[in-house]
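These notes concern the structure reproduced below.
Throughout, numbering of the chain's residues begins at 1 and tracks the sequence.
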Amino acid sequence: MCEPPYPSEYYEFFIKFNEGDYYTCHDLLEEIWMTEKDNYFLKGLLQMTVAIYHYEYGNLRGARLMMQAAHHYIQSYRPKFWGVDLEEINDFIKTCLSIIPQDVERVPFEDVEQLPKLPSLALYLHEEEGS
């Protein structure tokens, strides 16, 4: 039996992301990134999940900054990397950046529901070509 090609935390990340548990996503990706510091793809995914988390709690400035960083980090890995369609993620990030209000730093948590909704994104791990 062959070993899975990715760390177990990576597989768990997809489950947690699709469940909307962005806080846990951060922890899972950070665990991998700590041993793969040159893998900016992971850092990009990590920043994207942190951005969504910030947005859900009203930290719009943090959401914008993290989404911009995520966009920057994934560019050199497009179109696909580690079984992920980065074109889809790139489009998601660009859409989020167009939706996040630009002139607001923060909104109180009780007002978060009044913010424009970010698009939904389901992430899937695709089989690598030739595997």
Side-chain angles (χ1 to χ4, degrees):
M1 185 145 146
C2 52
E3 297 244 345
Y6 308 113
S8 61
E9 294 91 350
Y10 189 62
Y11 296 102
E12 186 70 18
F13 159 76
F14 287 91
I15 295 166
K16 294 300 180 185
F17 187 91
N18 292 332
E19 290 175 349
D21 185 354
Y22 304 114
Y23 188 84
T24 301
C25 287
H26 166 270
D27 291 345
L28 290 165
L29 291 174
E30 190 171 60
E31 185 78 22
I32 305 166
W33 191 69
M34 294 307 269
T35 62
E36 298 208 26
K37 294 262 188 187
D38 60 340
N39 187 339
Y40 287 96
F41 158 77
L42 291 172
K43 192 168 184 181
L45 288 184
L46 196 150
Q47 302 289 39
M48 180 183 74
T49 61
V50 169
I52 298 167
Y53 181 80
H54 279 312
Y55 191 77
E56 289 181 343
Y57 284 88
N59 179 359
L60 304 188
R61 181 175 187 273
R64 276 193 307 273
L65 291 172
M66 291 293 105
M67 217 40 107
Q68 289 165 347
H71 185 259
H72 171 75
Y73 287 130
I74 68 164
Q75 295 309 304
S76 64
Y77 296 93
R78 291 171 59 195
K80 292 192 169 133
F81 191 76
W82 272 31
V84 174
D85 180 352
L86 289 170
E87 297 306 309
E88 181 180 26
I89 290 176
N90 188 63
D91 291 345
F92 170 78
I93 290 172
K94 286 167 55 176
T95 300
C96 289
L97 285 169
S98 73
I99 290 171
I100 298 171
Q102 298 298 307
D103 55 347
V104 180
E105 297 287 308
R106 177 178 295 281
V107 299
F109 181 71
E110 55 272 7
D111 295 335
V112 166
E113 285 299 316
Q114 297 173 19
L115 290 172
K117 298 287 179 230
L118 296 181
S120 62
L121 174 67
L123 288 181
Y124 298 100
L125 185 59
H126 303 281
E127 289 291 320
E128 295 292 326
E129 300 278 326
S131 51

Item checked: Contacts of type side-chain contact (heavy atoms from CB on, under 4.5 Å), residue Y11, not counting sequence neighbours -> P4, P5, Y6, L125

Next item on the list: Please answer: with hydrophobic residues joined when any side-chain heavy atoms are less than 4.5 Å apart, are L45 and Y124 in the same cluster?
Entry: no

Margin query: Do F109 and I52 sit in one hydrophobic cluster, given that two such residues count as connected whenever their side-chain heavy atoms are within less than 4.5 Å of each other, even indirectly?
Written below: yes

Check: Are V104 and V112 connected, step by step, through hydrophobic side chains (Ile, Leu, Val, Met, Phe, Trp, Tyr) whose heavy atoms are closer than 4.5 Å?
Finding: yes

Check: Under a single-linkage definition using a 4.5 Å side-chain heavy-atom cutoff for Ile, Leu, Val, Met, Phe, Trp and Tyr, are L65 and L118 assigned to the same hydrophobic cluster?
Finding: no

Next item on the list: Classify the ring geometry between F13 and F17 as parallel (under 30°), tilted (30 to 60°) or perpendicular (over 60°).
Entry: tilted

Next item on the list: Could you pull out all residues at least two apart from Y53 that satisfy side-chain contact (heavy atoms from CB on, under 4.5 Å)?
Entry: Y22, Y23, Y57

Next item on the list: Check whether more than 12 heavy atoms from other residues, nucleotides or ligands sit under 6.0 Å from atom CD of E113, and answer yes or no.
Entry: no

Margin query: Does F14 form a ring-ring contact (aromatic ring centres under 6.0 Å, His included) with Y10? I'd like the steps, not just the answer.
Written below: CA-CA 7 Å; F14 287 91; Y10 189 62; 5.0 Å; yes

Note to self: Please check this pair: side chain of Y73 against backbone of L42, looking for a donor-acceptor N/O pair closer than 3.5 Å.
What the structure shows: no

Notebook entry, point to check: Could you walk me through whether R64 and Q102 pass the side chain to side chain contact (heavy atoms under 4.5 Å, CB included) check?
Noted result: CA-CA 8 Å; R64 276 193 307 273; Q102 298 298 307; 3.4 Å; yes

Checklist line | Sequence neighbours excluded, every pair satisfying salt bridge (charged side-chain N to carboxylate O under 4.0 Å, His left out) that has a member inside residues 37-49 | finding: none

With a cut-off of 3.5 Å and sequence neighbours excluded, list every side-chain donor-acceptor pair involving residues 83-101.
| residue | atom | partner | partner atom | Å |
| --- | --- | --- | --- | --- |
| D85 | OD1 | E87 | N | 3.0 |
| D85 | OD1 | E88 | N | 3.2 |
| E87 | OE1 | R78 | NE | 3.4 |
| E87 | OE1 | R78 | NH2 | 2.7 |
| E87 | OE2 | R78 | NE | 2.9 |
| N90 | OD1 | H71 | NE2 | 3.0 |
| N90 | OD1 | Q75 | NE2 | 2.9 |
| T95 | OG1 | D91 | O | 2.9 |
| S98 | OG | T95 | O | 2.7 |

Next item on the list: Would you indicate whether E31, at its atom CD, is surrounded by more than 12 heavy atoms from other residues, nucleotides or ligands within a distance under 6.0 Å?
Entry: no

Next item on the list: Under the salt bridge (Lys or Arg N to Asp or Glu O under 4.0 Å) rule, collect the residues that match up with E12, sequence neighbours excluded.
Entry: none

Checklist line | For E110, all residues meeting salt bridge (Lys or Arg N to Asp or Glu O under 4.0 Å), sequence neighbours excluded | finding: none

